[in-house]
Number of protein chains: 4
Amino acid sequence: MAEATRGRPRSEKARRAILTAARDLITESGYSELTIQAIAARSGSGRQTIYRWWSSKALIAADLILEGELTLPAQPVRDTGSLERDLTEWLEGIANAMADANVASLMRALITAASDDPEEAKLLYSMSTGPYHQGIVERLKQGKASGQLRESTDENAVADALIGTVLFGALTAGARTSTPASVVNVLMGR
Amino acid sequence: MAEATRGRPRSEKARRAILTAARDLITESGYSELTIQAIAARSGSGRQTIYRWWSSKALIAADLILEGELTLPAQPVRDTGSLERDLTEWLEGIANAMADANVASLMRALITAASDDPEEAKLLYSMSTGPYHQGIVERLKQGKASGQLRESTDENAVADALIGTVLFGALTAGARTSTPASVVNVLMGR
Amino acid sequence: MAEATRGRPRSEKARRAILTAARDLITESGYSELTIQAIAARSGSGRQTIYRWWSSKALIAADLILEGELTLPAQPVRDTGSLERDLTEWLEGIANAMADANVASLMRALITAASDDPEEAKLLYSMSTGPYHQGIVERLKQGKASGQLRESTDENAVADALIGTVLFGALTAGARTSTPASVVNVLMGR
Amino acid sequence: MAEATRGRPRSEKARRAILTAARDLITESGYSELTIQAIAARSGSGRQTIYRWWSSKALIAADLILEGELTLPAQPVRDTGSLERDLTEWLEGIANAMADANVASLMRALITAASDDPEEAKLLYSMSTGPYHQGIVERLKQGKASGQLRESTDENAVADALIGTVLFGALTAGARTSTPASVVNVLMGR
DNA sequence: GGCTAACCGAGACGGTACGTCCAGTCTTGCT
DNA sequence: AGCAAGACTGGACGTACCGTCTCGGTTAGCC
């Protein structure tokens, strides 16, 4: 049993420094400019230490999201009584948030990380867009309960379509013309 | 006027060779593995020749899409009379196509190219997903005419939401659970 | 014989422009920085025109020397009556001239051109140091005639040794310690 | 004091491999054909490793000379009793050595390296021709002691003139006509 | 005056080397 | 055993020139 904890334990300090440095570099210059070299230099750690604990840049990003260091803006789905108004507000809120260069860049960072490492993509998305998904589904269920949404509607489908719309919007950077209201209108079956 | 055609004219042969090599490399190994070095070697051209005409890898991809060398599978929206069935079929067709590793890899290539070069993103998307958008919008208009869709529906919004869903699906690689039918169901207001 | 002068004759204007540009570039930055590209750009000529008439940079340098565009400072061997004083003065004059960065750089240019193209070396040296050689030999003959030099002395040997000393001095850039006077003293057999 | 030996120490093996490769390439094709690229490939090292330790090709050559990997043929000045005969033999020996293409090429390599990098020239010459200089000066002092050379003769001047003559001879590749014997004859004051 | 030949400038072509940057791995001594 | 430091091989980057090759256009001699 003596073998279990031999040697120096992992330095939590180094781990934090690396994650913080990675977060700063991503927000400053974007995920595609991110290099292990730069993370090591900025965090004052050795490169080996990074490779020892993370096997890819995407996994560092995953950790950042997990720890809330790198997070899409919290965007709760309010409950004012009107489901349509609440969803529209949510989509408008996200759209407005994407107008901020930092948020848009983070969103693109997420997409880049996911798109060139399919293995990690699910993890990344469940961590970052998961809360949105969950919030939307819950609000939809509430809407069903209050009779504002037909029973047959698949809440997951609506959530996926909404988030997919947000992603598409982030990538095309406002080239699209359809408004949040019209999307929600469609999704709710009006 | 004498300035127009001075010097040796651009070699169309070299241009084709470069684009063909780039296409082959993308389909073989994915966009993120693509290097200028490899394109030059495979096409038998000098690196400078590539830099002379394209300032980024994304622009090469744009040319490939423009020329139809690199294209998402054509997926026409059929008109069988039932709008819902036709859209569901379309979405199922795309989803099936994405099950092919080559197509999924191309989709991710497109997303990667777009996500780390916002300037080119719009161009890339309008060239690659534009046909889908157009096909959907037309079918929706037809649906309106035949009374299967309410007049108030924004066709662009439905098209964007459908394509966004496809993108999201490509990125999360089947982790999602909602079916094409349920998405279409929602989008059509059932 | 009709073939002799058909076609457009060589442009003397272009030839002059090329040589002038080459000379300026050599004096500005040294022979080893000289590029055909730069000569063409500066002279407003096409690169092919240069290659058509000169097959190497060394040959351009040879032309420059031939035409007196690029020439070591004229340093006549005076005849004051004293052979020793005259030769010492000559060597001191050359040594002083080499203190000028332009002249030293030209000397090094000559040496570089010669050292990486053995074929052209003889031509280059006979054109550039030839006048020195000739001047020294003539003065030595005069010295023999006036009884200041033994009949057995080989004038070419003295000239070569003097010029070799100058070359060595140019290359070692004043690191040497022996004075012109002592060298002449030795060479004259004092 | 802790700063002295941090990080992985320099690899002596890589250093040797680089110098050996450089030496082989110089003797095979001459200094002006030498490229960093080729040294790296031949030595099996990364290019960066070369740039890390040497900032110019001339400095690699300097190291080669320092370490005796690249050396002009040893040509001791014998002492048979006759100073004139010994110096003549020395000069003939060098002249013969220069007839060997390898030696001549090395000599030109040295001159090229020195001529396009004035800063390094002194270092290069003191390392390569220094032994000649020293040997000549010593033999001349011996000659003075035995009464074969006048006391007033500057030994450094004679040594410089002899070596300068050798350099000039190497550059002009046998175009000269004066014989070793006549040069020595002159230098000794006969 | 038209024809042919050789020149001219410009500038694209396939290459090669440059010097830099980063990846991922491998030693060091220190903790 | 982890850690910072920093050297190692390897390989892509974007740039600069090389020497060659085409263009349109010019300038001569010759029919």
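Because only heavy atoms are used, hydrogens play no part in the values below, and waters and symmetry mates are left out as well, while side chains stay in. All figures in this text were calculated on a predicted structure; none of them were measured in a lab. Each chain gets a letter, A, B and so on, in the order its sequence line appears, and its residues count up from 1.
- Taking every heavy atom of both residues into account, C/Ala58 and C/Leu124 meet most closely at O-CD1, 3.8 Å.
- For the pair B/Ile50 CD1 and F/dA16 P, the interatomic distance rounds to 17 Å; values are reported in whole Å.
- Nearest heavy atoms, C/Ile26 versus C/Ser105: O-OG, 4.2 Å.
- The ring pair (Phe, Tyr, Trp, His ring centres under 6.0 Å) test applied to C/Tyr125 returns D/Phe168, not counting sequence neighbours.
- For the pair B/Ser45 and A/Ser55, both in contact range of DNA chain E, the more 5′-proximal nearest nucleotide belongs to B/Ser45.
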Restricting both atoms to N or O, compile the protein contacts to nucleotides 20-22 of chain E shorter than 3.5 Å, with distance only.
none

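- As a whole-Å value, the separation of B/Arg42 CZ from E/dG14 P is 16 Å.
- Backbone-only contact: A/Thr49 has heavy atoms under 4.0 Å from sugar-phosphate atoms and none from a base.
- Annotation: cation-pi geometry satisfied between D/Arg10 and D/Trp53 (NZ/CZ under 6.0 angstrom from ring centroid, within 45° of ring axis).
- None of D/Leu64, D/Ile65, D/Leu70 except one satisfies the side-chain contact (heavy atoms from CB on, under 4.5 Å) rule with D/Ser128; the exception is D/Ile65.
- Residues of residues 7-27 of chain B having a heavy atom closer than 4.0 Å to DNA chain E, listed by number: B/Gly7, B/Arg8, B/Arg10, B/Ser11, B/Ala14.
- Both C/Lys57 and D/Gly46 sit near DNA chain F, but only D/Gly46 has its closest nucleotide nearer the 5' end.
- Under the side-chain hydrogen bond (donor to acceptor under 3.5 Å, both in side chains) criterion, C/Arg16 pairs with C/Glu67, C/Glu69, not counting sequence neighbours.
- Between the CD1 atom of D/Ile39 and the P atom of E/dT16 there is a distance of 18 Å, given to the nearest Å.
- One finds a side-chain N or O of C/Trp53 lying less than 4.0 angstrom from the OP1 or OP2 phosphate oxygen of E/dC8.
- Under the 4.5 Å side-chain criterion, counting only non-hydrogen atoms from C-beta, D/Arg23 is not in contact with D/Leu19.
- When rounded to the nearest whole Å, the span between CH2 of D/Trp54 and P of F/dA7 equals 13 Å.
- Every pair passing side-chain hydrogen bond (donor to acceptor under 3.5 Å, both in side chains) that includes a residue from residues 38-50 of chain A is listed here, sequence neighbours excluded: A/Glu28-A/Arg42, A/Ser43-A/Ser45.
- Pairs passing the salt bridge (Lys or Arg N to Asp or Glu O under 4.0 Å) check and including a residue from residues 48-62 of chain C, sequence neighbours excluded, do not occur.
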